[in-house]
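Working notes, beginning with the structure itself.
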Amino acid sequence: MKEQKTKDLKIYNTLSGTKEYFTPIHDDHVGMYVCGPTLYSEPHMGNMRTFINFDLVYRYLLHLGYKVKYVRNITDAGHITNSAGEQEDSIGEAARLEQLQPLEIVYKYNVRFQNLQKTYNLLPPTIEPTATGHIQEQIEIIEKIMENGFAYEVNGSVYFDVQTYQKSFNYGSLSGRKVEELENETRDLNAQGEKRFFADFALWKKANDNDMQIWRSPWGDGNPGWHIECTAMSTKYLGETFDIHGGGLDLKFPHHEDEIAQSCGSSGKTPAKFWMHANMLNVNGKKMSKSLGNFFLPQEIVEGSTALFDKAYTPNVLRLFMMQAHYRSTLDLTQDALNASEKGLTRLTEAMETLKNMAVSEKSSIDVISLVNSFYDAMNDDFNAPILVAKLFDAVKKINLIRDGKDSISKEDQKLLFTEMSGFILDVLGLTFESDHKDNRLNPVMELVLELRQQAREKKDWTTSDLIRDGLKKSGISVKDGKDKTSWQ
RNA sequence: GGUCUCGUGGCCGAGUGGCUUAGGCACCGGUCUGCAAAACCGGUUACAGCGGUUCGAAUCCGCUCGAGACCUCCA
């Protein structure tokens, strides 16, 4: 089934602005590069959304049977943020604030980031290369660009020469910008500094006196420009051209545009066939961002320690919530929406339990094949996870109807449906079916308490049974009387 | 100021020319239950406004209003 589904995958390509059928460059091998975090602080939930979305992409490609090489970089070298070199680099600034060395900062936040990946059930990329580990590769790419005449040195710094580049290539092809219009768009025209042209960007920046990270180069001591690390590392691990390049929408311009320029300027080739951009996570309609201060830390949400939410949510809830919106749409993070996903997750989980232990019939009254096909069709349409989730809930409704005897399912169909639903829920969406009852000491106690209540109920001693129920309620445990047995949560 | 995107029912959020009642949650009705909750089934509510194209538009075009993103570090 998967083989015939593989060729139907369509991906929205930012380069063309349309959905295109996806065919890997090398048979069933896929090369994917995604821009990772700059580790000057703990990644917030907005950052996580992008990583979760590309985790979905990675997981579905694997599910289809592709062999995927997934490279996601760690930016551990700070970059001077404007061309005049006035602002401190982000990592250096954090290092000063926390009175640590830059690599201590990076290491500290990398440990947290790795933990977050486990918490949110992100599959580890094939490689997570660091910028500081690839300074030499970056220098070599810069030298190639200079050899090709698309860069120039000024006073120990090297800049990409956009005007010369324009004669052979088209700067702005990804973001749909035109160089001649860019000048009018630029808000700050005073930041030209040493550059020949306002749109030129730094490939290498001469060290300042207060720089905490400095490397040697043919042009003297300094540090690499903002965009060159991605070009160096994607080239090293995936080659000059590879299948998919992903990142947050806010990196489209100038970061990804400059990556394309650097690749074309060095190898003459556009690096990726498909460019994918994940949209932003919003809070009250505004992009979650560090500078606005409207961010939640992924760990805080799980711990229930955010000021805006009055309770904790599991990583599963957050994942399902994000999967209910398409990766190219903005998504508003609200407590109501999280509550909705939380309830939905319970329903989905319980239906899977029902399906697993379901009584089967001779024949099916439902069309399992077309149900399963709808899962693939959803994901093949540019990874449309919200449609997939909707189809899964359609299946949930069927499962419940079968359980109630209003529909029936054959043994083969039951097995197929369970396998496919499990595959999509666990492997593709990355959810887990962990039990809520993790406390091994509490479990036997609750069993005992509920047994006592059951005995009271059998004696019609409602006073005692309600006393137990209400008492548990006060400690946050709700009792659910099912048809056969009583459960708790 | 420039470029671009979006505006769907109480909330989140799919859909992009003609039955999608998308889906989740909430709400209402029912089943179940000692009661309540839970669970399950069923149901209601929409396409920012105005105009145009079309046999037909939430979907295409124009205008108005509103929101957001990028142009500076950003996932």
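No experiment lies behind these values; they were computed from the predicted model shown. These numbers come from the heavy atoms of this one structure, side chains and all, not from hydrogens, waters or symmetry mates. Proteins come first, then strands; the chains are lettered A, B, ... in the order of their sequence lines, and each starts at number 1.
The phosphate of B:C40 has OP1 or OP2 within less than 4.0 Å of a side-chain N or O from A:Asn400. Side-chain nitrogen and oxygen atoms of A:Lys290 include none within less than 4.0 Å of the OP1 or OP2 phosphate oxygen of B:C73. Contact annotation: A:Arg347 side-chain N/O to B:C25 OP1/OP2 distance is under 4.0 Å. For B:C4, neither phosphate oxygen OP1 nor OP2 lies less than 4.0 angstrom from any side-chain nitrogen or oxygen of A:Ser175. One finds no side-chain N or O of A:Lys460 lying less than 4.0 angstrom from the OP1 or OP2 phosphate oxygen of B:C35.
Taking the P atom of each, B:A57 and B:A48 are spaced 15 Å apart, rounded to whole Å. For B:G42 and B:C50, the C1' atoms lie 39 Å apart once the distance is rounded to whole Å. Comparing the P positions of B:G15 and B:G7 gives an interatomic distance of 10 Å, to the nearest angstrom. For B:A26 and B:G9, the C1' atoms lie 12 Å apart once the distance is rounded to whole Å. Atom C1' of B:G13 sits at a distance of 8 Å from the matching atom of B:G24, rounded to the whole Å. Remark: the separation of the P atoms in B:G51 and B:A67 is 24 Å, to the nearest Å. Between B:C19 and B:A58, the two P atoms lie 9 Å apart (nearest whole Å). One C1' atom belongs to B:G56, the other to B:G17, and the distance between them is 8 Å to the nearest Å.
Nearest nucleotide to the A:Leu281 side chain, out of B:A75, B:C12, B:G24: B:A75. Of the candidates B:A75, B:A14, B:U33, B:A14 carries the atom nearest the A:Pro386 side chain, counting heavy atoms from C-beta on. Of the candidates B:A37, B:G34, B:C25, B:A37 carries the atom nearest the A:Asp481 side chain, counting heavy atoms from C-beta on. Ranking B:G42, B:A75, B:G23 by closeness to the A:Gln324 side chain, first place goes to B:G23. The side chain of A:Asp332 lies closest to B:C12, out of B:G23, B:A14, B:C12. Listed candidates were B:A75, B:C71, B:G24. Nearest to the side chain of A:Phe253 is B:C71. Considering only the side chain of A:Asp250, B:C70 comes nearest among B:C70, B:A14, B:C12. Residue A:Asp336 places its side chain closer to B:C11 than to any other of B:C12, B:C11, B:G23. Comparing atom distances between the A:Lys480 side chain and each of B:C41, B:A37, B:A36 picks out B:A37 as nearest. Closest approach to the A:Asp466 side chain among B:G34, B:A75, B:A22 is made by B:G34 (side chain taken as heavy atoms from C-beta onward).
A donor and an acceptor atom never sit less than 3.5 Å apart when one is taken from the side chain of A:Asn384 and the other from the base of B:G15.
Under the 30°/60° scheme for interplanar angles, the aromatic rings of A:Tyr376 and A:Phe424 are found to stand perpendicular.
If you check B:U53 for Watson-Crick or wobble pairing at under 3.5 angstrom, you find it has no partner at all. B:G9 is unpaired under the Watson-Crick or G-U wobble criterion, no partner having all donor-acceptor distances under 3.5 Å. B:A39 is paired with B:U31 under the Watson-Crick or G-U wobble criterion, all donor-acceptor distances under 3.5 Å. A 3.5 Å limit on both hydrogen-bonding distances identifies no Watson-Crick or G-U partner for B:U59. The partner of B:U45 cannot be assigned: no Watson-Crick or G-U wobble pair with both contacts below 3.5 Å exists in any strand. Under the Watson-Crick or G-U wobble criterion, with both distances below 3.5 Å, B:A22 has no partner in any strand shown. Base pairing of B:G17 is not made with any nucleotide, judged by Watson-Crick or G-U wobble geometry with both donor-acceptor distances under 3.5 Å. Checking B:C4 for Watson-Crick or G-U wobble geometry (two distances, each under 3.5 Å) identifies B:G68 as its partner.
Neither side chain, A:Glu98 nor A:Tyr40, offers a donor N or O lying under 3.5 Å from an acceptor on the other. Remark: the A:His134 side chain and the A:Tyr237 side chain contain an N/O donor-acceptor pair separated by less than 3.5 Å. Defined by atom type and a distance below 3.5 Å, a donor-acceptor pair is missing between the side-chain atoms of A:Thr330 and A:Asn279. Side-chain contact, A:Thr75 with A:Asn73: a donor N or O sits under 3.5 Å from an acceptor N or O.
Of the possible polar contacts, one joining the A:Gln414 side chain to the A:Leu355 backbone as a donor-acceptor pair under 3.5 Å is found.
Atom pair A:Ile52:CD1 and B:A75:C1' shows a separation of 11 Å (rounding to whole Å applied). In this entry the distance linking NZ of A:Lys287 with P of B:C73 reads 12 Å, nearest Å. At whole-Å resolution of the value, CG in A:Leu292 and C1' in B:C73 are 13 Å apart. A straight line from CG of A:Asn294 to P of B:A69 spans 9 Å, rounded to a whole angstrom. A:Lys398 has its NZ atom 11 Å from the P atom of B:C41, to the nearest Å. One can place CG of A:Asp258 at 12 Å from C1' of B:C71, the figure rounded to the nearest angstrom.
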Pair A:Tyr327-A:Ile52, side-chain contact (heavy atoms from CB on, under 4.5 Å): steps then yes or no: CA-CA 9 Å; A:Tyr327 78 90; A:Ile52 287 173; over 6 Å; no
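Between A:Ser175 and the options A:Glu257, A:His256, A:Lys252, a side chain to side chain donor-acceptor pair (under 3.5 Å) holds for only A:Glu257.
The aromatic ring of A:Trp462 sits over the base of B:G34, with ring centres less than 5.5 Å apart and planes inclined by under 30°.
Across all strands shown, A:Phe54 has no heavy atoms under 4.0 Å from either base or sugar-phosphate atoms.
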